[in-house]
Number of protein chains: 2
Amino acid sequence: MARPPAARSKCLDAYISLLCEEGERAATLEATASRAGVSKGGLLYHFASKEALAVGVIESTEEHVQLDLTRMSEVPEGASVYYVRTSAEVDTELDRHLVAVQRLAQAGVISASEMLKDVHSRWFQLILDEVGDQSIAHLVILIGEGLYAHLATPGSWYQSTFDGRLQELLDLVPQLKKLK
Amino acid sequence: MARPPAARSKCLDAYISLLCEEGERAATLEATASRAGVSKGGLLYHFASKEALAVGVIESTEEHVQLDLTRMSEVPEGASVYYVRTSAEVDTELDRHLVAVQRLAQAGVISASEMLKDVHSRWFQLILDEVGDQSIAHLVILIGEGLYAHLATPGSWYQSTFDGRLQELLDLVPQLKKLK
DNA sequence: GTCTATAAAAAGATAGAC
DNA sequence: GTCTATCTTTTTATAGAC
């Protein structure tokens, strides 16, 4: 079978969930194995070390990112609105992966930092292609980043104040192009 | 002496630096003591546990936040521009403290999450008082958040693309009020 | 492929000397 | 106040049975 075994996927998914929900420190081999429903030995068969687990997350993330970039360049609403809208989407597979990669980056995993840097520059390029102005493109990126930062922080302030106001925000995005 | 001893401050500062630069996992008692130039025993005299160290960070942060909020409500440039401008300031004492608190929040320290939530709602209120519209106030908050998120990520994408363009961005902020 | 048992190192914390 | 020594628990990783 060319397809990777189900247990491997379960381990990766458990690790990502732990990174997102409880942070890098809590994402131990034991906790990951337990959440995946396997033993520590079982986990270490599929991922020989902690580092291998991180590599697995990053590779899996790259696939989701590729899909997202393709879609972003094709949607009729335009790259900017697509970017801000999807930045506010929580619990998508892409979002879970990116939060996990961010946690790894903050824990000092170099390849995770490099991936985030690369993804951001690719998003920026697509937005710049649409809006045609560097400053406006930066503004759009920062709004999405801010949104993402809030949503990626459990129990964040947004939940009480921002909830339900996303549409109003999205309506403002196309108008940003009129600035200057 | 009513003033806390210098060694205590050094320990707190070392812990904050480690949280910011290497993440929560790397900020061990041993690493903190070493960076502060004391032994593990010396560190544990001032902070009886890891939790006490986190409490120390949060208390110290609260003081810096108070000063910032007072200044934000008084500056002639207005709360919005002040907020976005200072969000881009890296290596200030306030910024270092807030990054440290964010790391703790992501590691599951509840009081750190609560502090961040509280700070954000106070910033939001001052901005809302100035701009008078909820959606615009959210936009301003998100731009600052995005800026902060980039700067708080070492080796971030901003350094190559965004560097030197801050003034252009700040010039756009007052114009956001004209939207809608 | 998956498990149990176990080793080796690191981390948090205590006790007591100075 | 600060240090060294020590203990306990946790974490990563290995070995080998099934």
Side-chain angles (χ1 to χ4, degrees), chain A residues 1-58 60 100 103-104 106-112, chain B residues 1-60 100 103-112:
Chain A
M1 27 190 159
R3 229 170 309 281
R8 199 192 124 102
S9 291
K10 280 190 133 188
C11 291
L12 209 51
D13 193 65
Y15 185 55
I16 290 172
S17 294
L18 283 167
L19 284 172
C20 294
E21 294 161 22
E22 302 182 36
E24 197 272 336
R25 182 162 224 169
T28 65
L29 293 180
E30 195 159 60
T32 301
S34 168
R35 183 172 291 214
V38 300
S39 69
K40 235 192 285 190
L43 167 61
L44 284 164
Y45 170 77
H46 295 290
F47 299 94
S49 69
K50 206 90 193 296
E51 206 192 325
L53 218 30
V55 170
V57 172
I58 290 168
S60 173
R103 299 283 194 266
L104 291 173
Q106 286 176 356
V109 177
I110 304 296
S111 53
Chain B
M1 27 190 160
R3 227 170 312 278
R8 200 191 123 100
S9 291
K10 279 190 134 188
C11 291
L12 208 52
D13 194 63
Y15 186 54
I16 290 171
S17 294
L18 283 167
L19 285 172
C20 295
E21 295 161 21
E22 302 183 35
E24 197 272 336
R25 182 162 224 169
T28 64
L29 292 181
E30 195 157 59
T32 301
S34 168
R35 182 172 290 214
V38 299
S39 68
K40 230 194 284 195
L43 167 60
L44 284 164
Y45 170 77
H46 295 291
F47 297 95
S49 69
K50 205 89 193 297
E51 205 191 327
L53 216 32
V55 171
V57 172
I58 290 168
E59 286 175 352
S60 172
R103 298 284 195 265
L104 291 173
Q106 286 176 355
V109 177
I110 305 297
S111 53

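These numbers come from the heavy atoms of this one structure, side chains and all, not from hydrogens, waters or symmetry mates. First the proteins, then the strands, lettered A, B, ... as listed; each starts at 1.
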Item to check | Value rounded to 0.5 Å, distance of CD1 in A:Ile110 from CG in A:Leu104 | outcome: 11.5 Å
Next on the checklist: If I take atom CD from residue A:Glu24 and atom NZ from residue A:Lys50, how far apart are they, to the nearest 0.5 angstrom?
Outcome noted: 5.0 Å
Checklist entry - Can you check whether A:Tyr15 reaches A:Arg35 side chain to side chain, under 4.5 Å on heavy atoms? => result no
Next on the checklist: Any heavy-atom pair between the side chains of B:Lys10 and B:Val38 that's under 4.5 Å?
Outcome noted: no
To the nearest angstrom, how far is [X] atom [atom1] from [N] atom [atom2]?
X	N	atom1	atom2	value
B:Arg25	C:dA11	CZ	P	9 Å
B:Leu43	D:dT4	CG	P	14 Å
A:Lys50	D:dT11	NZ	P	9 Å
B:Phe47	C:dA13	CZ	P	14 Å

Item to check | Nearest listed nucleotide, side chain of B:Tyr45, among D:dT2, C:dT2, D:dT11 | outcome: D:dT2
Item to check | Proximal nucleotide (of D:dT11, D:dT2, C:dT2) relative to the A:His46 side chain | outcome: C:dT2
Checklist entry - Just checking A:Arg8: base, sugar-phosphate only, or nothing, at a heavy-atom cut-off of under 4.0 Å? => result nothing
Item to check | side chain to side chain contact (heavy atoms under 4.5 Å, CB included) involving B:Lys40 - partner list, sequence neighbours excluded | outcome: B:Leu29, B:Glu30
Checklist entry - Do any of residues 29-42 of chain B sit with a heavy atom less than 4.0 Å from DNA chain D, and if so which? => result B:Val38, B:Ser39, B:Gly41, B:Gly42
Item to check | First of A:Ala26 and A:Leu44 reached from the 5' end of DNA chain D, by closest nucleotide | outcome: A:Ala26
Next on the checklist: Can you give me the closest heavy-atom contact between A:Leu12 and A:Val57, atom names plus distance?
Outcome noted: CD1-N, 3.7 Å
